[in-house]
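One structure is given here, and the rest of the page talks about it.
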2 protein chains.
Amino acid sequence: MIILQVFEQAKAGAAAAGLTERQGAVLERALGLLVEGGERALTTAGVARAANCSKESLYKWFGDRDGLISAMITYQAGKVRTVEVSAGALTAETLRKHLLAFARDLIDVLSGDVSLALNRLAIGQASREGAGLGRLLQERGRRQISRRAAALLEAGRKAKLLAFDGADEAYGTLYGLIVSDMHLRMLLGENAAALKNEFSPRAEKAVDAFLTLYGAKG
Amino acid sequence: MIILQVFEQAKAGAAAAGLTERQGAVLERALGLLVEGGERALTTAGVARAANCSKESLYKWFGDRDGLISAMITYQAGKVRTVEVSAGALTAETLRKHLLAFARDLIDVLSGDVSLALNRLAIGQASREGAGLGRLLQERGRRQISRRAAALLEAGRKAKLLAFDGADEAYGTLYGLIVSDMHLRMLLGENAAALKNEFSPRAEKAVDAFLTLYGAKG
DNA sequence: TGCGTACCGTACCGTACGGTTCGGCAACCT
DNA sequence: AGGTTGCCGAACCGTACGGTACGGTACGCA
């Protein structure tokens, strides 16, 4: 079973990024500003005011605004842990359950408002400044979840319940079946909760479709 | 057969949006700036300089910066026409060819640099200002292509080559199988050409998978 | 008691942007 | 010729932001 746990306390993310608790709290407020008002609301003065700290401290801790943003990403990523509970012997039924849990977790992660805000921020910066933040977000955020999925798929293949050549390609198919254009529409501003309610029931069908495509026959 | 034609001349997009040729040329330069440098490069002074026009004219024509951006979106949308060539009687083979052509066209559209730049822009604005630009982009851009796909799917069902309940859901599946996370990764700054080369060969497999899922048996 | 450290709050500076105004020029009408 | 229109280029204005500097304060330590 794959579980995504989100620790809401500042401690977890801060500790994961090697920051003090105070700095984590500041990043938490910064994330709040970003979620609430987008990139325009993420000003150094605004963060300082919201977090009751001085701009001087912000620059001492994070270097500059980009450093602050990078710290926000790694801090947020540190709050999300993917914990794999060894599943013992996979059966067709447990595999399906695990895939379904993964699908729901994936939808939850993608539709989270902090995740959406950070993705919007990174996408906005992608054009003007290489792909620095994009890579960071990809590496610290989704790579983990995709690795867990890859492990699950591999276990399914080992148990002769799945048949595929490339694990990456199979994962891409699973992802596409689950997410479709949901993520993009959320990023473009469509009501995230409504879209989540629209796509969550489809998770089951997506998993069934995936098993139809990649399930070992017999 | 569904064909996406992109008219590169300013005339087509301008005429479609009810603008003069000169104004279309200005929007073309503005799009160029946006593609090259992202939102930060899209300043009123910059557009005026690049297009050899005055800021006064910009504000007379487009109202304000947001009006300019909206005009850019509708102008760009006006350049892309989806033309449906009636396919006569569908066979399993022609349906597959049409689906494949649609898949390739979809990948082409999504990986276009102007499309990527406009999507980044709309996503960046989504957080701070409702979903105005996002809706506009969705409405003028992708709705058309999705309607064409829906028509194709409907034709396939009429010909008893496809079996599905909801056309929207079937289209969502097709879209997910083709695109997976390609679009998001491009938006985040990954090399678009490389990703396109990675996903184009998979279009065939995506169509086959779709036919496996929704093809009428027998 | 004195000193260093870390921090807050505020003021400040340079720059850049959105938007407005104005002088000037060319074309077009009458 | 004189007036109107449309446009350019440049100057201008108010604002907001990133980044820096400074005075003041609480706390730890000798």
Side-chain angles (χ1 to χ4, degrees), chain A residues 10 14 18-73 117 120-122 124-125 127-130 132-133, chain B residues 10 14 18-73 117 120-122 124-125 127-130 132-133:
Chain A
L19 301 173
T20 71
E21 195 169 337
R22 173 88 174 107
Q23 292 163 350
V26 169
L27 293 178
E28 195 71 43
R29 301 305 301 257
L31 285 172
L33 284 180
L34 180 66
V35 168
E36 194 181 341
E39 177 174 4
R40 302 293 276 227
L42 195 71
T43 68
T44 56
V47 172
R49 197 179 326 116
N52 285 326
C53 77
S54 69
K55 288 173 68 175
E56 192 179 19
S57 298
L58 285 183
Y59 283 94
K60 174 178 291 188
W61 293 335
F62 307 112
D64 59 4
R65 186 174 184 269
D66 282 353
L68 172 65
I69 294 174
S70 297
M72 289 165 64
I73 292 179
R120 290 198 186 103
L121 180 61
Q125 305 250 348
S127 43
R128 60 175 178 254
E129 182 195 329
L133 288 185
Chain B
L19 301 173
T20 71
E21 195 169 337
R22 173 92 175 102
Q23 291 164 349
V26 170
L27 293 178
E28 195 70 44
R29 300 306 301 261
L31 285 172
L33 284 181
L34 180 65
V35 168
E36 194 180 341
E39 177 173 4
R40 301 293 276 230
L42 195 70
T43 67
T44 55
V47 172
R49 197 179 325 116
N52 285 327
C53 77
S54 69
K55 288 172 70 174
E56 190 181 22
S57 300
L58 286 184
Y59 283 93
K60 174 177 292 186
W61 293 335
F62 307 112
D64 59 5
R65 187 174 183 268
D66 282 352
L68 171 66
I69 293 174
S70 297
M72 289 167 64
I73 292 179
R120 289 198 186 103
L121 181 59
Q125 305 250 345
S127 43
R128 62 174 176 254
E129 183 194 329
L133 288 184

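Using a 4.5 Å heavy-atom cutoff, the side chains of A/Q125 and A/D66 are in contact. Looking at heavy atoms from C-beta onward, A/L27 lies in side-chain contact with A/F62 at the 4.5 angstrom threshold.
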Self-check item: Test log, rule salt bridge (Lys or Arg N to Asp or Glu O under 4.0 Å), inputs B/E39 and B/R65
Solution: CA-CA 11 Å; B/E39 177 173 4; B/R65 187 174 183 268; 3.7 Å; yes
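What separates CZ of B/F62 from P of C/dG19 is a distance of 14 Å, to the nearest Å. Put simply, CG on A/L68 is 15 Å from P on D/dC17, counting in whole angstrom units. Rounding to whole angstrom units, CD of residue B/Q23 and P of D/dG6 are separated by 12 Å. B/I69 places its CD1 atom 13 Å from the C1' atom of C/dC17, with the value rounded to the nearest Å. Distance CG (A/L58) to C1' (D/dT20): 13 Å, rounded to an integer number of Å. For the pair B/K60 NZ and C/dG18 P, the computed distance is 20 Å after rounding to whole Å. Computed from coordinates, the A/L42 CG to D/dC17 P distance equals 11 Å when rounded to whole Å.
Phosphate proximity of C/dA6 to A/W61: absent, as no side-chain N or O sits under 4.0 Å from OP1 or OP2. OP1 and OP2 of C/dC17 both lie 4.0 Å or more from every side-chain N or O belonging to B/R49. The phosphate of C/dG9 has neither OP1 nor OP2 within less than 4.0 Å of any side-chain N or O from A/S54. An OP1 or OP2 oxygen of D/dC17 is reached within less than 4.0 angstrom by no side-chain nitrogen or oxygen of B/R40.
The listed nucleotides are D/dT20, C/dG19, C/dG23; the one nearest the side chain of A/Y59 is D/dT20. Of the candidate nucleotides D/dG19, D/dC7, C/dG18, D/dG19 has the atom lying nearest to any side-chain atom of A/K55. The side chain of A/R65 has D/dG18 as its nearest neighbour among D/dC7, D/dG18, C/dG18. With D/dC8, C/dG18, D/dT20 as the choices, the nucleotide that has an atom nearest any side-chain atom of B/C53 turns out to be D/dC8. Here D/dG23 is the nucleotide among D/dC7, D/dG23, D/dG18 with the atom lying nearest to any side-chain atom of A/E56.
Few gaps surround CZ on A/R22; more than 12 heavy atoms of other groups in view lie less than 6.0 Å from it.
Closest approach of A/Q23 to A/W61, counting heavy atoms only: NE2-CD1, 3.1 Å.
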